[in-house]
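Heads up, the thing below is written out as structure tokens.
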Amino acid sequence: MRLIAKEFLRSFQYTPEQKIQLVNYFSKFLTPSRFELMHHVLNNRSKYMIPVVEDIYKEQNLGAIMRTAECFGCNNLFEINNNKPGAKIQKGHAKGADEWLEVTRFTSTEECCLQLKEKGYRIIITSPYTIPQLVEGLKRGSYKQFELSDRQKAQILARNLPHYNNAHEVPIFLTRKEFSKHGSDVEEMNMEILEESKKPIAIVFGNESNGISERIIPYADATVKLPMYGFTESFNIHASFAIIGHVLNTKFREALLESESREEASKYLLSEQAKVDTLVDWVRNNFSEGDKIEYQFLKEELGIKGI
């Protein structure tokens with residue numbers, strides 16, 4: 001298809017009703033089971049947990065994280081590349097998951113964190129070390145101390161941020177049922193923790209060699225680690241995400257089923273309009289000649305000619 005026609009298709013502004021028409025037009029070229037599967041997946045897509053990867057350089061790790069995130073029903077993945085190109089996904093590593101995820105790329109950690117904060121996410125970084133240990137550069141082995149000013153260190157330490165010893169400790173949509181498990185009454189619980197448990201999560205993973213960078217420490221709301229019982233200090237980055245992500249995602253899905261938390265948790269599923277917008281992207285990507293089909297739709301259904 002001519003380049004000018006392709007540019008026109010991507011810039012054409014559909015009304016919400018026309019988007020539904022476009023999806024229905026594409027559906028004629030899909031099997032009923034395929035189209036039904038798309039709707040089923042959409043109904044389970046969530047913006048509650050966003051995996052964030054910082055300066056990943058191994059394409060197989062990034063591809064595997066994308067694949068797992070898509071399996072968890074994540075809608076988004078944030079990739080940070082500080083002043084350098086990131087890992088390039090080769091066909092096969094992500095098993096096509098990158099076509100179903102909304103991947104946002106940032107050129108700085110600060111830019112990514114500011115957007116997450118603006119959207120109301122709590123930023124939880126993965127590390128076997130607490131925030132005070134990271135601030136003071138006490139990481140085991142050969143490690144460059146974080147280059148934070150004394151003022152920054154004092155500000156960070158004053159926040160007294162939590163360190164979760166495993167993913168199960170991360171509070172997610174705390175309910176009376178959860179409180180009773182710990183022998184506590186809801187009225188006695190710290191209201192700050194209760195409100196914090198309702199916030200969505202951005203779970204951050206650093207690169208394969210050095211872990212998270214000093215840039216993200218001022219924005220962190222907590223750290224979480226995976227218990228280790230061997231000599232090796234950490235799991236592979238994808239294994240870490242698979243383990244932590246599974247626990248957090250399971251807790252979120254359970255919150256969707258609890259009467260006390262269902263309404264709040266459901267806010268992080270896609271809205272009806274977001275589902276339609278996403279479906280438009282999906283049906284386009286499902287065909288090698290998607291542009292040709294869309295071009296036919298514009299001519300046949302909307303009467304637009306001369307493209």
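Only heavy atoms go into these numbers, but all of them, side chains included; no hydrogens, no water, no symmetry mates.
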Looking at [X] and [Y], what are the two nearest heavy atoms and their distance?
X	Y	result
Asn82	Ser108	OD1-CA, 3.2 Å
Gly206	Ile237	O-CD1, 3.1 Å
Leu270	Lys47	CD2-CE, 3.6 Å
Phe72	Ala242	CZ-O, 3.6 Å
Phe26	Gly290	CZ-O, 3.5 Å
Tyr25	Gln296	OH-CB, 3.6 Å

Looking at [X], I'd like to know if its [atom1] atom is crowded, meaning that more than 12 non-hydrogen atoms belonging to other residues, nucleotides or ligands lie closer than 6.0 Å.
X	atom1	result
His40	NE2	no
Gln273	CD	yes
Glu300	CD	yes
Glu36	CD	no

Is there a donor-acceptor contact under 3.5 Å from the side chain of [X] to the main chain of [Y]?
X	Y	result
Asn24	Ile20	yes
Gln133	Thr130	yes
Tyr48	Lys199	yes
Arg122	Ala222	no
Asp277	Val280	no
Ser197	Pro171	no
Gln18	Thr15	yes

When you look at Val224 and Ile244, which way does the side-chain contact (heavy atoms from CB on, under 4.5 Å) test go after all the steps? CA-CA 9 Å; Val224 62; Ile244 294 175; 4.2 Å; yes

Is a donor from one side chain sitting under 3.5 angstrom from an acceptor on the other, for Glu79 and Asn81?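 Present: a donor and an acceptor within the cut-off.
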
With no hydrogens and no angle check, do the side chains of Ser213 and Asp55 hold a donor and an acceptor under 3.5 Å apart?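 No, no side-chain donor-acceptor contact under 3.5 Å.
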
Just one of Ile125, Ile123, Ile156 clears the side-chain contact (heavy atoms from CB on, under 4.5 Å) bar with Tyr219, so which one?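 Answer to the side-chain contact (heavy atoms from CB on, under 4.5 Å) test with Tyr219 among Ile125, Ile123, Ile156: Ile123.
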
Counting C-beta onward and ignoring hydrogens, is there a side-chain heavy-atom pair between [X] and [Y] closer than 4.5 Å?
X	Y	value
His246	Thr68	no
Leu279	His39	yes
Leu248	Val170	yes
Leu134	Ser127	yes
Leu77	Thr104	no
Arg45	Trp100	yes
Leu256	Ser266	yes
Ile201	Ile172	yes

Are any of the side-chain nitrogens in Lys275 or Glu272 under 4.0 Å away from the carboxylate oxygens of its partner? yes

Test salt bridge (charged side-chain N to carboxylate O under 4.0 Å, His left out) on Glu195 and Lys198 and set out the steps. CA-CA 5 Å; Glu195 290 305 311; Lys198 298 177 183 178; 3.5 Å; yes

How about Tyr295 and Phe297: are their ring centres within less than 6.0 Å of each other?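 Ring-ring flag for Tyr295/Phe297: false, centres at least 6.0 Å apart.
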
Does Val23 share a hydrophobic cluster with Trp282, counting links as ILVMFWY side-chain heavy atoms below 4.5 Å and allowing steps through other members? yes

Do Val247 and Ile124 sit in the same hydrophobic cluster, where Ile, Leu, Val, Met, Phe, Trp and Tyr count as joined when their side-chain heavy atoms come under 4.5 Å apart? no

Nearest-0.5 Å distance, [atom1] of residue [X] to [atom2] of residue [Y]:
X	Y	atom1	atom2	result
Glu169	His163	CD	NE2	8.5 Å
Ile131	Thr223	CD1	OG1	5.0 Å
Leu226	Ser240	CG	OG	5.0 Å
Asn76	Lys119	CG	NZ	8.0 Å
Cys113	Glu54	SG	CD	7.5 Å
Asn207	Ile80	CG	CD1	11.5 Å

Does anything in residues 218-232 pair up under salt bridge (charged side-chain N to carboxylate O under 4.0 Å, His left out), and if so which pairs, sequence neighbours excluded?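 For residues 218-232, and leaving out neighbouring residues, the salt bridge (charged side-chain N to carboxylate O under 4.0 Å, His left out) pairs sorted by first residue read Lys117-Asp221, Arg159-Asp221.
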
Which salt bridge (charged side-chain N to carboxylate O under 4.0 Å, His left out) pairs, counting each pair once, include a residue from residues 204-213, with sequence neighbours left out?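 Checked against salt bridge (charged side-chain N to carboxylate O under 4.0 Å, His left out) - neighbours excluded - no pair reaches residues 204-213.
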
Check the orientation of [X] and [Y]. Use parallel for under 30°, tilted for 30 to 60°, and perpendicular for over 60°.
X	Y	result
Phe252	Phe173	tilted
Phe241	Phe205	perpendicular
Phe287	Phe29	perpendicular

Does Asp281 form a side-chain contact (heavy atoms from CB on, under 4.5 Å) with Thr278? I'd like the steps, not just the answer. CA-CA 5 Å; Asp281 290 333; Thr278 302; 5.6 Å; no

Evaluate Glu59 against Asn61 for side-chain hydrogen bond (donor to acceptor under 3.5 Å, both in side chains), listing each step before the verdict. CA-CA 5 Å; Glu59 61 188 37; Asn61 286 333; over 6 Å; no

Walk me through whether Phe78 and Val53 qualify under side-chain contact (heavy atoms from CB on, under 4.5 Å). CA-CA 6 Å; Phe78 283 7; Val53 292; over 6 Å; no

Stepwise, does the side-chain hydrogen bond (donor to acceptor under 3.5 Å, both in side chains) test hold for Ser46 with Asn75? CA-CA 6 Å; Ser46 162; Asn75 189 69; over 6 Å; no

Passes side-chain contact (heavy atoms from CB on, under 4.5 Å), Tyr121 versus Val52? Steps please. CA-CA 12 Å; Tyr121 281 82; Val52 181; over 6 Å; no

